[in-house]
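This report concerns only the one structure given below.
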Amino acid sequence: MAIFQKGVIFADVDTDNPNCWNLESYMKRGGYQALKRILDNKITPEDVINEMKTSGLRGRGGAGFPTGLKWSFMPRTMPGQKYIACNSDEGEPGTFKDRDILRYNPHSVIEGMIIAGYSIGASVGYNYIHGEIFEIYERFEEALEEARKAGYLGKNIMGQGFDFELHAHHGYGAYICGDETALLNSIEGRKGQPRFKPPFPAGHGLYGKPTTINNTESLASVPFILRDGGQVFMDKGIPNNGGTKLFSISGHVERPGNYEIALGTPFSELLKMAGGMRGGKKMKAVIPGGSSAPVLTAEQMMACTMDYDSIAKAGSMLGSGAVIVMDEDVCMVKALERLSYFYHEESCGQCTPCREGTGWLYQIVHRIENGQGRDGDLELLDSIGNQMAGRTICALSDAAVFPVRSFTQHFREEFEYHIKHGKCMVDHRWC
């Protein structure tokens with residue numbers, strides 16, 4: 001069950017109310033006031049983008065790139081069609097925040113995309129929704145229809161001469177389409193594989209036209225920023241980490257779910273919100289930003305605050321904000337085996353280092369887990385990772401390498417025990 005703290009995206013959202021998602025409920029919470037303010041007062045796109053820069057909002061999909069700066073890259077005055085795309089292709093293990101935004105507060109994303117379209121000169125938008133959450137796709141379609149009937153989408157919005165149309169696009173569960181250029185290919189009906197960059201989407205994106213792509217949570221934050229002010233949003237966080245952030249906590253905690261907290265909040269407070277460790281057991285490890293982020297030991301994590309800089313200093317990434325907590329009973333070899341299998345299965349196969357490397361990583365870890373490890377396997381894993389990272393079109397290859405490197409670094413004794421004894425160091429079972 002999802003559990004929310006009051007913040008920006010879920011402020012005043014009663015998730016126990018089955019109608020909290022609809023237009024009527026959204027309007028009661030101040031919905032579409034930001035858009036109305038912008039259009040009624042003829043606020044220029046430049047001023048909107050400057051307000052976004054003031055907010056300090058950084059991309060909530062994983063990269064953490066400043067949203068206002070990304071919007072400024074769009075050649076807004078260039079004639080011709082331009083697009084805004086929302087990346088709701090949430091497929092990485094541990095991530096489940098964006099689907100709850102679309103489930104409980106879809107109009108915040110719609111309003112955010114309309115404002116983004118106005119700011120970058122785009123008249124058409126697409127929300128690419130992960131293929132394994134079809135009921136969320138249907139919910140978003142219902143919200144779109146409400147917005148159209150109310151005059152917030154289509155021609156001459158609010159009688160202000162601004163046209164904007166928005167479409168939902170249903171994916172088919174391919175993790176690779178979380179890459180923004182693979183997402184664009186998929187919308188176009190092509191195979192979901194990443195594109196070479198440059199050219200970058202801001203100059204040559206969807207259907208060859210300038211395109212800006214943002215994460216669901218990023219766009220859902222836009223109405224608050226433009227309604228209450230960029231500085232108000234910034235002040236909710238800490239310098240270089242403005243605002244609030246949704247963290248999806250899973251694993252061995254008492255109350256898994258989504259928690260919206262200020263960036264810079266100590267991890268210990270977030271863990272307490274989630275009820276602490278399940279069954280009173282000791283914490284062993286935490287993956288702080290989705291399965292592609294390097295794992296941290298309990299000691300490292302307890303010293304962190306939940307923001308981009310603190311997690312990076314500890315040697316990992318805030319990523320999507322998916323926090324996977326593991327207790328003392330977890331076999332780290334088994335955990336890595338499962339993660340390596342995921343990346344092996346989800347590689348699109350376009351780049352040889354990723355296509356072959358992810359398979360090799362999985363086979364070696366699988367061999368170690370099943371009592372057939374060999375001397376030199378850990379060095380071989382490291383060597384293969386060095387030939388994968390940074391050598392492919394997209395970051396999936398790196399995403400597969402990061403867990404292998406960090407697991408074998410921080411919990412090397414477990415891997416060595418498996419190799420030497422052919423059984424698990426944690427529960428002493430034979431592999």
Side-chain angles (χ1 to χ4, degrees), residues 7-9 34-35 38 43-76 82-90 97-98 101-102 105 108-122 125-128 164 166 178-181 183-184 200-203 205-206 210-247 260 262-264 289 306-309 312 317-321:
V8 169
I9 295 173
L35 177 63
I38 290 168
I43 297 175
T44 66
E46 291 85 358
D47 286 341
V48 174
I49 291 173
N50 286 335
E51 198 68 27
M52 291 298 298
K53 290 179 179 178
T54 299
S55 75
L57 176 67
R58 295 172 63 172
R60 301 305 199 222
F65 193 83
T67 303
L69 185 59
K70 177 180 269 194
W71 287 11
S72 71
F73 291 159
M74 172 67 83
R76 188 179 54 80
K82 303 172 191 66
Y83 297 99
I84 175 74
C86 177
N87 188 344
S88 296
D89 187 60
E90 188 175 47
K97 65 181 177 66
D98 293 344
I101 296 173
L102 298 177
N105 200 10
S108 66
V109 180
I110 295 172
E111 185 178 8
M113 292 189 72
I114 299 169
I115 293 171
Y118 172 83
S119 304
I120 66 175
Y126 288 89
N127 186 9
Y128 189 97
F164 187 82
L166 181 55
D179 173 87
E180 62 181 19
T181 58
L183 179 153
L184 296 178
F200 294 95
L206 189 62
T211 306
T212 294
I213 303 128
N214 291 119
N215 172 256
T216 313
E217 185 183 354
S218 305
L219 289 163
S221 303
V222 170
F224 176 91
I225 293 169
L226 272 300
R227 186 182 67 239
D228 289 19
Q231 193 61 50
V232 173
F233 182 85
M234 167 62 85
D235 291 343
K236 288 181 176 292
I238 59 175
N240 200 40
N241 294 268
T244 61
K245 171 91 182 73
L246 271 168
F247 290 94
E260 187 177 4
L263 283 171
M306 300 308 293
D307 57 81
Y308 297 94
D309 300 332
M317 303 180 295
L318 191 70
S320 62

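Here the structure is a predicted model, which means the values were calculated and not measured. We count residues from 1, following the sequence as given.
Between G178 and N87, the closest heavy-atom pair is O-ND2, 2.9 Å. The two residues C86 and L183 have their closest heavy-atom pair at O-CD1, 4.5 Å. Scanning all heavy atoms of the two residues, the minimum distance from I84 to A122 falls at N-CB, 3.9 Å.
With E111 contributing its side chain and L35 its backbone, the two residues share a donor-acceptor pair below 3.5 Å. K245 places a side-chain N or O within donor-acceptor distance of the main-chain N or O of S320, the cut-off being under 3.5 Å. Side-chain atoms of E90 come within 3.5 Å of backbone N or O of K97 as a donor-acceptor pair.
Shown here are the side-chain hydrogen bond (donor to acceptor under 3.5 Å, both in side chains) partners of Y308, two or more places apart in sequence or in another chain: R60. Judged as a ring pair (Phe, Tyr, Trp, His ring centres under 6.0 Å), and not counting sequence neighbours, F164 has no contacts. Residues meeting the ring pair (Phe, Tyr, Trp, His ring centres under 6.0 Å) test with F247, sequence neighbours left out: none. Under the side-chain hydrogen bond (donor to acceptor under 3.5 Å, both in side chains) criterion, D309 pairs with N240, N241, sequence neighbours left out. Remark: T212 engages no residue in a side-chain hydrogen bond (donor to acceptor under 3.5 Å, both in side chains) (not counting sequence neighbours). Among residues two or more places apart in sequence or in another chain, the side-chain hydrogen bond (donor to acceptor under 3.5 Å, both in side chains) test is passed with T211 by none.
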Name every donor-acceptor pair, under 3.5 Å, that has one atom in a side chain of residues 221-233 and the other anywhere in the protein, sequence neighbours excluded.
{"unit_1": "S221", "atom_1": "OG", "unit_2": "E217", "atom_2": "O", "d": "2.9"}
{"unit_1": "Q231", "atom_1": "NE2", "unit_2": "D235", "atom_2": "OD1", "d": "2.9"}

Could you tabulate the donor-acceptor pairs under 3.5 Å formed by side-chain atoms of residues 61-76, not counting sequence neighbours?
{"unit_1": "T67", "atom_1": "OG1", "unit_2": "L57", "atom_2": "O", "d": "3.4"}
{"unit_1": "K70", "atom_1": "NZ", "unit_2": "I213", "atom_2": "O", "d": "2.8"}
{"unit_1": "W71", "atom_1": "NE1", "unit_2": "N214", "atom_2": "OD1", "d": "2.9"}
{"unit_1": "S72", "atom_1": "OG", "unit_2": "L69", "atom_2": "O", "d": "2.6"}
{"unit_1": "R76", "atom_1": "NH2", "unit_2": "E46", "atom_2": "OE2", "d": "2.3"}

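With rounding to the nearest 0.5 angstrom, the CD1 atom of I38 is 6.0 Å from the OG atom of S119. Put simply, CG on D89 and OG1 on T216 are 9.5 Å apart, with the number rounded to the nearest 0.5 Å. Separating the CD1 atom in I115 from the CD1 atom in I110 is a distance of 12.0 Å, to the nearest 0.5 Å. The distance from the CG atom of L206 to the OG1 atom of T181 is 12.0 Å, given to the nearest 0.5 Å.
Side-chain polar atoms of D98 and S88 form no donor-acceptor pair below 3.5 angstrom.
Looking at N105 and I9, their side chains come closer than 4.5 Å, going by heavy atoms from C-beta outward. Side-chain contact between L246 and I101: present, with at least one pair of heavy atoms (C-beta onward) separated by less than 4.5 Å. With contacts defined as side-chain heavy-atom distances shorter than 4.5 Å, the pair N50/K53 qualifies.
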Could you go through the side chain to side chain contact (heavy atoms under 4.5 Å, CB included) check for L263 and L318 one step at a time? CA-CA 10 Å; L263 283 171; L318 191 70; 4.0 Å; yes
